[in-house]
Amino acid sequence: MDSAKEINDRIATLTHDIENVVDGFTPGGDTISELYFERAKLYYRSGRNSEALNDFLKVVQLDPANTEAREYEHQIREIFDYRYMDYYNP
């Protein structure tokens, strides 16, 4: 399993790559959707669910056929619904 530092370093690298995409692709040939998807999964693994949800939503916007991103989005929404129910319904 990756350490928190390794995950955060990879997130930083992906963020840099996302910010420097040209014409939808990285120099390595990855699409921006793939970068967001990989970063979203890292956010999810590290418990940063709000950031993960934002990236999964971006993936779905860029690639509506990505069913895996939709599944992650659904899982995170279920976590939020369960975790924050008392905040919304006192």
Side-chain angles (χ1 to χ4, degrees):
M1 177 164 254
D2 297 324
S3 71
K5 182 183 179 338
E6 291 170 328
I7 291 173
N8 287 332
D9 288 348
R10 184 66 184 136
I11 288 171
T13 299
L14 287 165
T15 300
H16 176 267
D17 291 348
I18 288 167
E19 292 169 351
N20 292 292
V21 166
V22 177
D23 294 327
F25 292 92
T26 67
D30 295 318
T31 66
I32 192 163
S33 175
E34 292 167 333
L35 296 175
Y36 274 109
F37 188 63
E38 186 175 345
R39 187 175 73 173
K41 290 191 296 183
L42 291 170
Y43 281 143
Y44 184 77
R45 283 178 52 198
S46 62
R48 295 163 67 180
N49 292 328
S50 294
E51 291 146 310
L53 179 59
N54 288 336
D55 277 3
F56 285 126
L57 290 171
K58 185 69 172 178
V59 171
V60 170
Q61 178 186 13
L62 295 168
D63 180 11
N66 190 322
T67 57
E68 191 174 1
R70 288 183 187 276
E71 286 297 318
Y72 274 108
E73 174 194 349
H74 179 72
Q75 289 176 11
I76 293 171
R77 289 187 187 278
E78 283 185 345
I79 290 168
F80 286 158
D81 287 346
Y82 177 77
R83 184 179 294 168
Y84 301 115
M85 186 176 2
D86 291 340
Y87 291 131
Y88 300 127
N89 300 311

Any non-hydrogen side-chain atom of I79 less than 4.5 Å from a side-chain atom of N49? yes
Non-hydrogen side-chain atoms of Y43 and L14 separated by less than 4.5 Å: no
Do the non-hydrogen side-chain atoms of T67 and E71 ever get within less than 4.5 Å of each other? no
Applying side-chain contact (heavy atoms from CB on, under 4.5 Å) between I32 and each of I18, V59, V22, report the one that passes. I18
Looking at R10 and E6, is any side-chain nitrogen of the basic one under 4.0 Å from a carboxylate oxygen of the acidic one? no
All heavy atoms of H16 vs all of N20, minimum pair found to be O-ND2, 2.7 Å
The ring pair (Phe, Tyr, Trp, His ring centres under 6.0 Å) partners of Y36 (sequence neighbours excluded) come to none
Are the side chains of D17 and V21 in touch, meaning some heavy atoms are under 4.5 Å apart? no
Parallel under 30°, tilted from 30 to 60°, perpendicular over 60°: which one fits the rings of F56 and F37? perpendicular
For the residue pair A52 and A40, what are the closest heavy atoms and their distance? CB-O, 3.5 Å
I7: partners by side chain to side chain contact (heavy atoms under 4.5 Å, CB included), with sequence neighbours left out: D2, I11, L42, R45, S46
Side-chain donor-acceptor pair under 3.5 Å between Y44 and E51, yes or no? no
Of all heavy-atom pairs between S33 and D63, which one has the smallest distance, and what is that distance? OG-CB, 3.6 Å
Note, L62 side chain near K58 side chain (heavy atom, < 4.5 Å): yes
Calculate, to the nearest 0.5 Å, the distance between atoms CD and CG belonging to Q75 and L53 respectively. 12.0 Å
Answer yes or no: is there a donor N or O on one side and an acceptor on the other, between the side chain of R70 and the main chain of P64, under 3.5 Å? yes
